[in-house]
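To keep things clear, I will list the structure first and then write my remarks on it.
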Amino acid sequence: MNPILIKQAIQGFLLEDIGQYDITADSIFDYTIMGEGVFLAKETGILCGVEIPRIAYQLLDGKFDYKPYKQDGDFIQAGEIIGVVTAPVRTLLTAERVILNLMQRMSGIATQTNLALKKLADPSIRICDTRKTAPGLRVFDKYAVKVGGGFNHRNGLFDGVMLKDNHIAFSGGITEAITNVRAKLGHMVKIEVETENATQVTEAVQAGADIIMFDNQTPAEIKKLVALVPNHITTEVSGNITLNNISKYQNCGVNYISLGSLTHSVRALDISFNSQGGLKN
């Protein structure tokens, strides 16, 4: 993860939650009162975001001692302690929700990605994410996919050319769209084209696409379309693929399967923060 982006994002999340100050914690506890707490796994899954607490505490005041017991990518079971922290009680309580929101979401994404890989059970196919991330959370979401064993698709509109149905429609066709991109960006940039049938796949091949994505196709249809694509062109499938049916895409012949569900509808992994041993001197 980009440390600058991460720090800026978490600072914004803290400001969103705290506002001018935490009126509950600040009204009860003096800043000099110290406490200890633990992060506890309440579900089994893949941990992600173990360094989020450290960054949040540093942004709030820097007076803390945080010791993680687990690392990103570790398989955790319900009841296991993820880490322990000692800090001013005000800091612990003020940072709690932002930290848990991020860790739970990231761990949920990592867990879902890992489960998708296990259900597919085909090491020849890489599972990757999409741009269907929550605004402001993309850097966290995509990192979590990698921790779960997946791969990142493009990070945004700025780092990859992907010609989707509307690009093609407004351009007048696949050939016209690819020609326009090549004229502006040259031959060093890879171009991905979204296709829906054999005619479009053939046109994309002839027009010089580098990556061809089969959109909303069944495993049987994909096998037929892959046969139309030369080996030097990368292939991807996306659309209507879930954890319930991904096993059917085993050995379908593509290089990548992209799953928007990894990030756009993920269920958070339950993690809690509990006081430990009361106040500290």
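Model, not experiment: these values are computed from the prediction.
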Asn245 side-chain N/O to Ile241 backbone N/O, donor-acceptor pair under 3.5 Å
no
Is there a side chain to side chain donor-acceptor pair (under 3.5 Å) between Tyr143 and Asp72? Walk through the geometry before answering.
CA-CA 10 Å; Tyr143 172 75; Asp72 286 348; 2.6 Å; yes
Is there a path from [X] to [Y] through hydrophobic residues (I, L, V, M, F, W, Y) whose side chains come within less than 4.5 Å of each other?
X	Y	result
Val161	Phe214	no
Ile46	Leu117	no
Tyr256	Leu120	no
Leu243	Val254	no
Leu102	Leu92	yes

Asp210 bridged to Arg182 by N-O distance under 4.0 Å
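Looking at Asp210 and Arg182, the cut-off is met.
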For [X], which of [options] qualifies under side chain to side chain contact (heavy atoms under 4.5 Å, CB included)?
X	options	result
Leu225	Thr235, Val201, Val237	Val201
Ile109	Val147, Val266, Leu137	Val266
Arg131	His264, Arg154, Met162	Arg154

Are Glu194 and Asp165 close enough, and set up right, to give a side chain to side chain contact (heavy atoms under 4.5 Å, CB included), and what steps lead you there?
CA-CA 7 Å; Glu194 180 182 275; Asp165 54 353; 3.7 Å; yes
Just so I know, are the side chains of [X] and [Y] near enough to count as touching, which here means a heavy-atom distance under 4.5 Å?
X	Y	result
Ile191	Ile211	no
Pro88	Thr32	no
Asn255	Glu236	no
Arg105	Asn101	no
Val145	Asp141	no
Ile82	Leu40	no
Gln104	Asp270	yes
Val85	Phe39	yes

If you compare all heavy atoms of [X] against all heavy atoms of [Y], which two are closest, and at what distance to 0.1 Å?
X	Y	result
Tyr69	Ile81	CD1-CG2, 3.5 Å
Lys67	Asp65	CE-OD2, 3.5 Å
Gln11	Leu59	N-CD1, 3.7 Å
Ile125	Tyr249	CD1-O, 3.7 Å
Ile99	Ile52	CA-CG2, 4.2 Å
Thr130	Thr133	O-CG2, 3.9 Å

Hey, mind stepping through Cys128 and Ile257 against side chain to side chain contact (heavy atoms under 4.5 Å, CB included) and telling me if it holds?
CA-CA 6 Å; Cys128 61; Ile257 292 178; over 6 Å; no
The test is side chain to side chain contact (heavy atoms under 4.5 Å, CB included); show your working for Leu269 and Ile76 and say whether it passes.
CA-CA 11 Å; Leu269 191 75; Ile76 54 175; 4.1 Å; yes
Whether Phe64 and Tyr57 hold their rings parallel, tilted or perpendicular, with breakpoints at 30° and 60°:
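Ring orientation of Phe64 relative to Tyr57: tilted.
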Under 3.5 Å, is there a donor-acceptor pair between the Asn180 and Lys184 side chains?
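The criterion, which ignores hydrogens and geometry beyond distance, is not satisfied for Lys184 and Asn180.
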Could you verify whether a donor N or O on one side chain and an acceptor N or O on the other, from Ser275 and Glu36, lie under 3.5 Å apart?
no
Verdict with supporting geometry, Asp122 and Lys248, salt bridge (charged side-chain N to carboxylate O under 4.0 Å, His left out)
CA-CA 11 Å; Asp122 185 345; Lys248 296 179 181 179; over 6 Å; no
Honestly, is Arg54 close enough over Tyr66, meaning NZ or CZ under 6.0 Å from the six-membered ring centre and within 45° of the axis?
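Because its charged atom misses either the 6.0 Å distance or the 45° angle limit, Arg54 does not stack over Tyr66.
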Salt bridge (charged side-chain N to carboxylate O under 4.0 Å, His left out) evaluation trace for Arg267 with Glu43:
CA-CA 12 Å; Arg267 187 182 69 81; Glu43 279 187 281; 2.8 Å; yes
Approximate separation, where rounding is to 0.5 Å, of Gln206 CD and Glu203 CD:
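These two atoms lie 8.0 Å from each other.
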Could you check whether atom NZ of Lys224 has more than 12 heavy atoms from other residues, nucleotides or ligands sitting under 6.0 Å from it?
no
Atom OH of Tyr21 with >12 non-hydrogen neighbours under 6.0 angstrom:
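12 or below, so no.
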List the steps, then state whether salt bridge (charged side-chain N to carboxylate O under 4.0 Å, His left out) holds for Lys142 with Asp129.
CA-CA 7 Å; Lys142 284 185 170 284; Asp129 51 33; 2.6 Å; yes
Criterion side chain to side chain donor-acceptor pair (under 3.5 Å) on Ser247 and Gln250, from CA distance to verdict:
CA-CA 6 Å; Ser247 61; Gln250 186 183 84; over 6 Å; no
Could you walk me through whether Leu60 and Leu14 pass the side chain to side chain contact (heavy atoms under 4.5 Å, CB included) check?
CA-CA 9 Å; Leu60 284 177; Leu14 289 168; 4.2 Å; yes
